[in-house]
**Q** 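Here it is: the structure, laid out below.
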Amino acid sequence: SRLKEWDYSNPWYYYVTIKTKNHIHHFGKVENEKMILNDLGMVVETEWLKTKSLRTNVELDYFVVMSNHFHGIIILNPTKSLSNVETRRGESLQNDSFTQFGQPIRNSLSAIINQFKGSVKRWANKNNYSNFSWQPRFYDRIIRNEKELYNIRKYIEQNPLNWDLEKERHENIFHLA
């Protein structure tokens, strides 16, 4: 649930996890504890990096594209059109930050993730990856302090190293060390 004392218009760091539908390995494979991206995996990386250039209120921190999911730290800074970024700890429905007319609030976390996922899906449809789909939801976590940021960065960085241990344990995709 939302934190009542939290001002969601403040600049802040969010840890985001996005999974492929049915945990299908669409983005490449891990070999020798390193993630080897295929073409679609490279598009995921490219589109994530474009997120920063498309939006003045976004900064990107550590991220990793894995075979069947994506982890990233995104920093939202306030803009004149952004107030009360709607998000919550845990599972976020894509309609979290929607206006009464069903459109995402511009520059909100939900809008940014929705646009990122859509751009990857459009590329996939045009380039013989039409069987690719994202899960309809994404997960986010408010990063509350430096220790938590450090642990999440470490987890993201070590994700390929730990892949052989965790790849079949889907609940571990969201576990923080």
Side-chain angles (χ1 to χ4, degrees), residues 1-20 27 35 37 39-66 69-127 129 132-157 159 174 176:
S1 63
R2 282 195 74 179
L3 298 174
K4 289 180 183 172
E5 71 277 8
W6 189 258
D7 180 354
Y8 285 85
S9 65
N10 280 339
W12 213 259
Y13 289 62
Y14 298 90
Y15 170 56
V16 175
T17 297
I18 311 168
K19 302 185 300 180
T20 61
F27 304 140
M35 183 61 203
L37 297 175
D39 289 344
L40 184 55
M42 286 188 269
V43 168
V44 172
E45 184 174 284
T46 299
E47 290 299 325
W48 183 250
L49 291 171
K50 275 168 103 175
T51 300
K52 179 181 175 179
S53 63
L54 293 172
R55 294 166 190 85
T56 58
N57 69 310
V58 169
E59 293 175 56
L60 302 176
D61 198 82
Y62 284 40
F63 71 92
V64 65
V65 181
M66 295 299 295
H69 66 281
F70 170 86
H71 294 298
I73 298 171
I74 186 169
I75 305 151
L76 297 186
N77 295 309
T79 65
K80 290 178 184 174
S81 65
L82 178 64
S83 63
N84 294 331
V85 173
E86 299 287 334
T87 188
R88 58 189 173 158
R89 186 173 178 204
E91 190 171 340
S92 292
L93 301 178
Q94 284 204 340
N95 63 0
D96 262 356
S97 299
F98 284 62
T99 67
Q100 61 186 349
F101 303 110
Q103 296 298 315
I105 296 170
R106 189 169 184 218
N107 294 319
S108 69
L109 183 61
S110 292
I112 292 165
I113 299 303
N114 188 36
Q115 291 164 3
F116 163 69
K117 289 170 67 174
S119 63
V120 173
K121 179 61 174 157
R122 281 188 296 280
W123 186 93
N125 289 344
K126 292 177 186 172
N127 291 277
Y129 287 92
F132 164 73
S133 288
W134 294 107
Q135 287 282 33
R137 295 174 172 90
F138 68 93
Y139 295 81
D140 68 84
R141 178 185 179 102
I142 298 165
I143 301 174
R144 291 178 170 80
N145 55 50
E146 289 289 330
K147 182 180 178 190
E148 195 169 322
L149 177 62
Y150 171 82
N151 287 336
I152 292 169
R153 283 174 171 167
K154 184 176 169 186
Y155 179 77
I156 289 171
E157 194 172 58
N159 219 236
F174 314 109
L176 298 177

**Q** Heavy atoms, side chains only, cut-off 4.5 Å: are Asp61 and Ile74 in contact?
**A** no
**Q** Atom OH of Tyr14 and atom CD1 of Ile113: how far apart are they, to the nearest 0.5 Å?
**A**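 Between Tyr14 OH and Ile113 CD1, I get 11.5 Å after rounding to 0.5 Å.
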**Q** So how far is it from Ile142 CD1 to Trp12 CH2, rounded to the nearest 0.5 Å?
**A** 9.0 Å
**Q** How close do Ile73 and Arg153 get, counting heavy atoms only, and between which atoms?
**A** CD1-CG, 3.8 Å
**Q** In Å, rounded to the nearest 0.5 Å, how long is the span from CG of Asn151 to CD1 of Ile143?
**A**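 So the gap between those two atoms works out to 10.5 Å.
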**Q** First locate atom CZ of Arg141, then atom CD1 of Ile152, and finally report the distance between them rounded to the nearest 0.5 Å.
**A** 5.5 Å
**Q** Nearest heavy-atom pair of Met66 and Met35: which atoms, and what distance?
**A** C-CE, 3.6 Å
**Q** Roughly how far, to the nearest 0.5 Å, is the CD1 atom of Ile156 from the CZ atom of Phe70?
**A**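 The CD1 atom of Ile156 is 8.0 Å from CZ of Phe70, to the nearest 0.5 Å.
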**Q** Taking all heavy atoms of Glu157 and all of Tyr62, pick out the closest pair and write down the distance.
**A** OE2-CE2, 4.0 Å
**Q** What are the two closest heavy atoms between Gln115 and Arg122, and how far apart are they?
**A**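 Shortest heavy-atom contact: O-NH2, 4.3 Å.
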**Q** Will you find, in the side chains of Lys121 and Asn125, an N or O donor that is under 3.5 Å from an N or O acceptor?
**A**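 Side chains of Lys121 and Asn125: pair found under 3.5 Å.
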**Q** Working note: Tyr129 + Val43, criterion side chain to side chain contact (heavy atoms under 4.5 Å, CB included); need CA distance, chi angles, decisive distance, verdict.
**A** CA-CA 12 Å; Tyr129 287 92; Val43 168; over 6 Å; no
**Q** Show the numbers, then the answer: is there a side chain to side chain contact (heavy atoms under 4.5 Å, CB included) between Ile18 and Phe116?
**A** CA-CA 10 Å; Ile18 311 168; Phe116 163 69; 3.7 Å; yes
**Q** Determine, step by step, whether Lys19 and Tyr139 satisfy the side chain to side chain contact (heavy atoms under 4.5 Å, CB included) criterion, reporting the C-alpha distance in whole Å, the side-chain angles of both residues, the deciding distance to 0.1 Å, and the verdict.
**A** CA-CA 9 Å; Lys19 302 185 300 180; Tyr139 295 81; 4.1 Å; yes
**Q** Working to the nearest 0.5 angstrom, can you tell me the gap between Gln135 CD and Thr20 OG1?
**A** 7.0 Å
**Q** Are Asp39 and Asn127 close enough that some pair of their side-chain heavy atoms sits under 4.5 Å apart?
**A**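 Contact flag for Asp39/Asn127 side chains = no.
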**Q** Can you name the one residue among Tyr15, Trp48, Phe63 that meets ring pair (Phe, Tyr, Trp, His ring centres under 6.0 Å) with His71?
**A**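 With His71 as partner, Tyr15, Trp48, Phe63 yield a single ring pair (Phe, Tyr, Trp, His ring centres under 6.0 Å), made by Tyr15.
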**Q** Show the nearest heavy-atom pair for residues Lys117 and Arg137, with the distance to one decimal.
**A** NZ-O, 3.7 Å
**Q** Which pair of heavy atoms, one from Ala124 and one from Leu40, lies closest together, and at what distance?
**A** CB-CD1, 4.0 Å
**Q** Can you list the residues that meet the side chain to side chain contact (heavy atoms under 4.5 Å, CB included) rule with Lys50, with sequence neighbours excluded?
**A** Thr46, Glu47, Ser53, Leu54
**Q** Can you name the ring pair (Phe, Tyr, Trp, His ring centres under 6.0 Å) partners of Phe132, sequence neighbours left out?
**A**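 By the ring pair (Phe, Tyr, Trp, His ring centres under 6.0 Å) rule, Phe132 matches His26, Phe27, Trp134.
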**Q** Taking the side chain as every heavy atom from C-beta outward, state whether Leu37 and Val44 have any atom pair closer than 4.5 Å.
**A** no
